[in-house]
Amino acid sequence: MIKKTLISISCLIVLLSGCVQTETIEDIQIIESIGYDSADDKKYELTLATVMFSPSEGGIIKSETVSDANFTGYGAAWNAQRETPKPTAAGKMMVALFGKDLAENGVDEILDGLKRHSTIGRMVDFCVIEGEAKELLEGEYPLGQTVSRYLKELLEHHKKGNLPSTNFHEFMYKYYSKGQDPFMPLIQKEEDKIKLKGLALFKDDQYVDSIPADKLLIFKMLYEDINIGTYQASLENPDGYAAIEAVESTVKYRIKKGMTKPEIQISVNIKANINEVVSSIKLENASDEKNLENSLEKDLTENGLQMIKHFQKEGIDPLGIGDRVRSKTRGWESTKWQELYPHASVGLNVSLDILETGITE
């Protein structure tokens with residue numbers, strides 16, 4: 001774990017923003033993203049992705065990354081700034097990235113600094129990257145965007161679909177809650193593209209597990225209501241696959257015996273359109289449609305229960321089941337719940353209603 005002497009990133013932000021109050025925008029470098037990686041000798045490496053505006057050149061945006069490895073945020077920032085031709089300011093931060101190795105060792109000291117400084121907006125996105133944050137931030141990407149804007153738009157796009165709601169504020173709320181564990185998007189750099197790989201799951205401040213991208217809808221339907229999402233289901237009787245688009249989904253938790261022998265019943269109601277079916281099923285009549293609904297419900301239920309049981313086995317609670325029990329149970333105790341959670345009885349009922357099957361002859 002990063003040393004406690006890693007004096008908060010708040011020192012970094014004070015350093016970065018302390019003397020730019022009277023500067024005009026063309027006289028500063030604006031920090032859009034910060035990346036953190038592990039480094040040798042118990043140091044960590046800080047990378048700043050900055051942009052500069054040039055009104056004299058028609059408002060052209062120029063981007064630059066600077067980095068340094070040190071024991072503290074102050075030391076890393078100070079050395080990194082020796083490479084910048086202009087003062088830096090952190091008022092437009094979009095994303096904070098954590099390299100996989102660092103995230104596995106723990107991010108507590110970094111979070112302690114980020115939460116203390118008012119210039120860091122609560123809507124900043126957190127991400128874990130498979131690899132190093134520095135490599136991603138130094139890359140060049142298509143569409144003429146800065147890496148920060150490209151990554152921010154990618155995350156916002158997926159939040160409208162299968163990615164559950166998450167940002168700085170929501171991560172910190174879960175981090176300090178006694179009845180749930182936090183998560184971040186998990187991303188990967190592939191040449192000149194950035195790809196959403198799934199969801200990084202945390203236990204306390206350490207990255208311990210992940211959900212692959214093709215299972216994100218399963219997690220999201222258990223976690224929160226859905227406006228839109230996509231999923232490829234495996235069918236039985238007859239065998240095959242179906243691609244669905246969920247247009248509405250609601251989830252409810254019913255809880256009994258919360259602090260004795262917990263019984264949690266989860267009900268998910270989904271309305272969906274069928275985009276494609278690869279199967280011998282013809283969907284020529286109401287019976288075919290009902291069989292397809294049953295097959296889809298079975299796939300969603302089995303995958304959902306498998307996911308929940310895995311969480312219980314690993315002792316992590318990204319769904320916030322403990323927090324849901326706490327809100328409906330008198331005398332809820334964190335320590336006791338930790339003992340009860342792995343053995344809690346959890347049932348899942350998924351009801352799916354097919355709205356459209358597409359245009360057929």
Any side-chain heavy-atom pair of [X] and [Y] under 4.5 Å:
X      : Y      : result
Ile244 : Leu352 : yes
Asn105 : Tyr44  : no
Val346 : Leu348 : no

Problem - is_close_aromatic(Tyr175, Phe126), centroid dist under 6.0 Å - result: no

Would you indicate whether [X], at its atom [atom1], is surrounded by more than 12 heavy atoms from other residues, nucleotides or ligands within a distance under 6.0 Å?
X      : atom1 : answer
Lys159 : NZ    : yes
Lys298 : NZ    : no
Glu156 : CD    : yes
Tyr241 : OH    : no
Glu190 : CD    : yes

Practice task
Would you kindly say whether Thr357 and Glu289 are connected by a side-chain donor-acceptor distance under 3.5 Å?
Solution key: no

Exercise for the section: Answer with yes or no whether the side chains of Thr146 and Glu32 bring together a donor and an acceptor at under 3.5 Å. Expected result: yes

Handout entry: Cation-pi geometry met for Lys100 and Tyr207 (6.0 Å, 45°)
Key = no

Exercise for the section: Identify which one of Phe311, Phe219, Phe202, Tyr173 satisfies the ring-ring contact (aromatic ring centres under 6.0 Å, His included) criterion when paired with Phe183. Expected result: Phe219

